Number of protein chains: 2
Amino acid sequence: MHKGFVKQLFNVKQITKYNIRNSLRRIFLYHGLLVRLSSMGVTRVFSFTLAGGTGVTPEQVRKDFSEYGIRGNRRGGYLTSSLLKELEALFNRDRISNVILVGMGNLGQALSKYGLFIQRGINIVATFDIDPFKQKARADDIVYPPERLQEIIDRFHVNVAIVAVPDISAQEVCNELVNMGIRGIVNFSPVLLKVPEYVVVTNVNLSDEIESVIWSVSRMKEEQSLFL
Amino acid sequence: MHKGFVKQLFNVKQITKYNIRNSLRRIFLYHGLLVRLSSMGVTRVFSFTLAGGTGVTPEQVRKDFSEYGIRGNRRGGYLTSSLLKELEALFNRDRISNVILVGMGNLGQALSKYGLFIQRGINIVATFDIDPFKQKARADDIVYPPERLQEIIDRFHVNVAIVAVPDISAQEVCNELVNMGIRGIVNFSPVLLKVPEYVVVTNVNLSDEIESVIWSVSRMKEEQSLFL
DNA sequence: CATTTTATGTGAGAAGATTCACATAATAAA
DNA sequence: TTTATTATGTGAATCTTCTCACATAAAATG
Ligand SMILES: NC(=O)c1ccc[n+]([C@@H]2O[C@H](COP(=O)([O-])OP(=O)(O)OC[C@H]3O[C@@H](n4cnc5c(N)ncnc54)[C@H](O)[C@@H]3O)[C@@H](O)[C@H]2O)c1
Ligand SMILES: NC(=O)c1ccc[n+]([C@@H]2O[C@H](COP(=O)([O-])OP(=O)(O)OC[C@H]3O[C@@H](n4cnc5c(N)ncnc54)[C@H](O)[C@@H]3O)[C@@H](O)[C@H]2O)c1
């Protein structure tokens, strides 16, 4: 089952104590799969179901569940609905989280238009850009100027921000956000943001992702050519 | 130095032997930083320079370099230019790689417009979409119909594809690509693609990334409220 | 030219993550 | 109701990754 594909989790490598364990990253994967299975009418899953759908081994799935105190039936696997509830309780998905998005360039616009975030409990309540031209992009989808950040953060009790500004502005924007009460940042710029220890940052580096696949493929090809 | 921020690497979790080691993922991070430092005129770096800029420890940087046979001067650190060359040789960046992009929706369009991929040796030679409306989006930036995939893959010797289609189509598109000779896929859809063992897949799951930050923040807040 | 300083390079030990193996419990079958 | 079957749950072993400590070499200083 778990052979024949390179699989990947999202990534987070931590240094503070607010460490996201590998096991928890996988829990997110299981959850994502479970949401889809559930919407397809699947009412019961087994460790191998989740394993097959996420690219890990069944033992790993059970071990992960064990770590978070999630238990199934010794023969009947797990009930989709109650497993979903348990997972969502585990990562505070009982309610929807308001996030803001700063930087409405290419990437920011794509993210802001994505309709499925809400299914995962992610609600982008407002978007911001320093460029006046971008600010009046659309009437139904307002882009605010950075001056209104504090107001919106307070009004919607926002803790988490998505940062999609150019690398030169990233640290500056980050500092402002942290001063305004933001405690978590998803950073798409390729710079390491310096933040106080009470702020969580996750970097998504798309160039690295693509480059690593290119590398793997060329490495694979090299190796195979040795057998010709 | 390495305290006070949560740091993250891009991610890849492997099952085949074409495993991307953590150390290699970090090598990509060092490289990205080095490119920026280099363009800022920095001619010499130390393990702590790279560590500070990427969120790892200096020991780790040296250990990683050691693993890949990269050596510096016992006192003078590393020369930016020669280190860059060594790293690029390491992951075949002597030449630029042609990749294709399938799915020109929100995300695909953002990716296709990103001008800095080329600096990282990533050249998107063509984009594809099944939607005829998207196909004639712009005269200067042609979006091809899927029928022309094979032709373009062959013409530009493409090995790697970026897949940004809806989850329902992802496996189908993936199968076609593999049949046409693609050996590496960067998959933005939230499904696990089943591929033969000679194909490398990396999944980028943006919902998971955001959700994990939300989780970390709420977890952190909970913990802090215990001390009130 | 000898001495001090400073950063590298790496073995050894620690920590973390994954796999293995099997006892255990729930269900199904007889 | 007894027996067989099947999936879970988890300690122990293994494998991987990270950290520590310090010897070592290059450069700077006197
Ligand atoms: N687009 C991609 O596919 C891609 C790929 C890899 C990395 N990235 C990274 O993601 C980030 C965004 O990429 P992009 O292509 O959307 O860039 P972009 O230049 O298209 O958009 C950046 C936006 O940020 C806005 N901005 C600049 N400074 C700001 C500030 N101080 N406050 C608020 N808004 C500000 C700009 O007006 C602009 O609209 C960049 O750091 C880029 O390196 C993007
Ligand atoms: N946009 C985001 O911010 C975001 C966030 C998280 C995940 N994703 C995932 O990324 C993927 C793309 O997202 P999106 O927002 O760009 O979706 P989208 O619906 O805007 O675009 C998908 C595009 O793929 C095209 N397509 C469909 N089937 C195709 C086929 N067989 N061959 C070629 N093209 C085909 C469609 O015509 C459409 O243009 C989805 O799987 C989505 O779940 C996107």
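Below, each value reflects all heavy atoms present in this structure, side chains not excepted, and no hydrogens, waters or symmetry copies. By convention in this document, chain letters (A, B, ...) are assigned in the order of the sequence lines, proteins followed by strands, and residues within each chain are numbered from 1. On a predicted model such as this, the values are computed, not experimentally measured, just so you know.
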Participant: Is there a side-chain contact between A/Ser47 and the phosphate of D/dA7, meaning an N or O under 4.0 Å from OP1 or OP2?
Facilitator: no
Participant: Could you give all pairs that pass the salt bridge (charged side-chain N to carboxylate O under 4.0 Å, His left out) test and reach residues 62-82 of chain B, with sequence neighbours left out?
Facilitator: B/Arg21-B/Glu67, B/Arg26-B/Asp64
Participant: For B/Phe46, give me all partners under side-chain contact (heavy atoms from CB on, under 4.5 Å), at least two apart in sequence or on another chain.
Facilitator: B/Arg44, B/Phe48, B/Thr49
Participant: Output the rounded distance in Å from CG (A/Asn22) to C1' (D/dC15).
Facilitator: 14 Å
Participant: Nearest whole Å is fine: how far is D/dT8 P from A/Glu67 CD?
Facilitator: 18 Å
Participant: Just to confirm, is there a sub-4.0 Å distance from OP1 or OP2 of C/dT19 to any side-chain nitrogen or oxygen of A/Gln60?
Facilitator: yes
Participant: Which residues pass the ring pair (Phe, Tyr, Trp, His ring centres under 6.0 Å) test with A/Tyr68, sequence neighbours left out?
Facilitator: none
Participant: Calculate the interatomic distance between A/Phe46 atom CZ and D/dT5 atom P; express it in whole Å.
Facilitator: 18 Å
Participant: Could you work out which one of C/dA7, D/dA21, D/dC18 sits closest to the side chain of B/Glu59?
Facilitator: D/dA21
Participant: To the nearest angstrom, how far is A/Leu83 atom CG from D/dA7 atom C1'?
Facilitator: 15 Å
Participant: Taking ring pair (Phe, Tyr, Trp, His ring centres under 6.0 Å) as the cut-off, I'd like each qualifying pair that reaches into residues 156-187 of chain A, sequence neighbours left out, listed once.
Facilitator: none
Participant: Figure out the CZ/C1' separation between A/Arg25 and C/dG16, and round it to whole Å.
Facilitator: 12 Å
Participant: Going by the ring pair (Phe, Tyr, Trp, His ring centres under 6.0 Å) test, which pairs reach into residues 159-192 of chain B, not counting sequence neighbours?
Facilitator: none
Participant: Determine, stepwise, if the pair A/Gln171 / A/Asn175 fulfils side chain to side chain donor-acceptor pair (under 3.5 Å).
Facilitator: CA-CA 6 Å; A/Gln171 183 62 58; A/Asn175 294 345; 2.7 Å; yes
Participant: Apply the side-chain contact (heavy atoms from CB on, under 4.5 Å) test between A/Leu192 and each candidate in A/Asn203, A/Asn187, A/Val201; give the one that qualifies.
Facilitator: A/Asn203
Participant: Could you run down the sub-3.5 Å N/O contacts of the protein with nucleotides 26-30 of chain D?
Facilitator:
unit_1 : atom_1 : unit_2  : atom_2 : d
D/dA27 : N3     : B/Arg75 : NH1    : 2.9

Participant: Reckon B/Tyr78 has a side-chain N or O less than 4.0 Å from the OP1 or OP2 of C/dG9?
Facilitator: yes
Participant: Side chain of A/Lys63 only, heavy atoms from C-beta on: which candidate in D/dA12, C/dT8, D/dT19 is closest?
Facilitator: D/dA12
Participant: Check every strand shown and say whether A/Ser23 touches a base, only sugar-phosphate, or nothing at a heavy-atom separation below 4.0 Å.
Facilitator: nothing
Participant: Between B/Arg62 and D/dT19, does any side-chain N or O lie under 4.0 Å from OP1 or OP2?
Facilitator: no
Participant: I need the CZ-P distance between A/Phe48 and D/dG9, as an integer number of Å.
Facilitator: 14 Å
Participant: Check whether any side-chain N or O of A/Arg71 sits under 4.0 Å from OP1 or OP2 of C/dA25, and answer yes or no.
Facilitator: no
Participant: Using whole Å, report how far CD1 of A/Ile70 lies from P of D/dT8.
Facilitator: 13 Å
Participant: Answer yes or no: does a side-chain N or O of B/Ser66 lie under 4.0 Å from OP1 or OP2 of C/dT10?
Facilitator: yes
Participant: In whole angstrom, give the distance that lies between atom CG of B/Leu24 and atom C1' of D/dC18.
Facilitator: 17 Å
